Amino acid sequence: MIIRVFPSSVAAAMALAARVIAALRDQPHLVLGLPTGRTPVLFYRELVRGLRQERLACSHLVTFNLDEFCGVGPQDPGSYRQYMERHLFKPLGLDPGRVNFLNGLAPDTDAECRRYEQAIQAAGGIDLQILGIGANGHVGFNEPGDWLVTCCHRVTLRPETRRANAGLFGGDLDSVPREALTMGIGTILRARRIVLLATGHEKARATARAVAGPLATEVPASLLQLHPDVELMLDEAAASRLPATSR
Ligand code: PGA
């Protein structure tokens with residue numbers, strides 16, 4: 001794993017935006033895997049700003065988001081789809097036909113998960129997967145537990161994950177869905193390149209365990225150690241518990 005530590009969360013977001021812009025310049029048909037959450041808001045802001053500045057066209061870009069809540073439609077203000085519309089898709093005017101999402105309203109979630117895996121394959125696989133990390137070590141919605149599922153699947157969200165997402169539902173914890181659909185850990189590991197963005201002290205422990213701990217389903221992000229091309233972009237706070245040898 002390559003670890004880069006930046007003096008601030010803004011600097012980390014700017015570096016990640018620059019990385020994605022460079023990838024898009026090299027490869028206009030880039031297939032990009034995308035996260036949601038509080039952390040990537042700054043990254044999306046910098047990405048939109050950078051792409052506008054460079055006047056780089058995104059007309060061939062294809063995106064796949066990591067996850068979506070169950071029981072929430074794409075127009076629901078709490079949905080991850082609407083988060084992406086606000087922070088990236090609308091500002092860039094992305095072609096909705098090139099934007100891919102798990103459907104949280106699908107009546108048959110197994111079939112929906114199979115459809116998503118097949119869509120990723122049909123697009124040629126994900127070239128660059130951007131990830132966040134939960135304070136509990138999750139990536140996507142692959143929550144800590146005794147086992148992990150490799151492909152896209154339906155999950156029960158942990159209480160801390162629901163609390164972390166309450167802001168999307170007006171701070172009302174009861175409104176946060178209890179289940180979600182997510183790419184599996186194998187789906188994520190099949191991406192050609194992975195960049196994980198983590199900022200803030202509350203991510204320091206999970207980041208240290210992901211980088212330097214044993215491979216453990218209790219820390220899903222630790223499985224990223226198996227991938228040959230992973231980069232972590234961290235601010236000082238998120239890097240504060242890394243062993244000196246890994247910095
Ligand atoms: P956060 O979520 O940026 O809101 O902390 C990150 C994640 O859960 O992947």
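All values derive from a computational prediction rather than experimental measurement. FYI, side chains are in, hydrogens and waters are out, and symmetry mates aren't considered; it's all heavy atoms of this structure. Position 1 is the first residue of the sequence, and the numbers go up from there. Atoms within each ligand, like the ligands themselves, are counted from 1 in listed order.
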Shortest protein contact, [atom] (heavy atom only):
atom                   : result
atom 4 (O) of ligand 1 : Arg38 N, 2.8 Å
atom 7 (C) of ligand 1 : His138 NE2, 3.5 Å
atom 6 (C) of ligand 1 : Ile133 O, 3.6 Å
atom 3 (O) of ligand 1 : Thr39 OG1, 2.4 Å

Query raised in the report: So, Phe89 versus Tyr44, ring centres under 6.0 angstrom or not?
Result: no
Query - Distance flag, aromatic centroids of Tyr116 and Phe64, threshold under 6.0 Å - result: yes
Report task. May I ask you to identify, for Val139, whether its side chain, its backbone, both or neither come under 4.0 Å of ligand 1 on a heavy-atom basis? Result ->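 Under 4.0 Å from ligand 1, Val139 contributes no heavy atoms.
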Query raised in the report: Just heavy atoms, cut-off under 4.0 Å: does Lys203 contact ligand 1 by side chain, backbone, both, or neither?
Result: side chain
Report summary line: Counting from 1 in the order shown, the ligand 1 atoms closer than 4.0 Å to a non-hydrogen atom of Gly37 are 3 (O), 4 (O)
Report task. Provide the closest heavy-atom pair for Gly200 versus Ala237 in the form atom of the first, atom of the second, distance. Result ->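 Residues Gly200 and Ala237, closest heavy atoms: C-CB, 3.6 Å.
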Query raised in the report: N/O to N/O below 3.5 Å, does that happen between Thr36 and ligand 1?
Result: no
Requested in this report: Mind telling me whether Tyr80 and Phe141 have parallel, tilted or perpendicular rings, with 30° and 60° as the class edges?
Outcome: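 Phe141 and Tyr80: parallel rings.
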Report task. Check whether any side-chain heavy atom of Leu30 sits under 4.5 Å from a side-chain heavy atom of Val62, and report yes or no. Result -> no
Report task. With rounding to the nearest 0.5 Å, note down the distance linking OG in Ser240 to CZ in Arg205. Result -> 12.5 Å
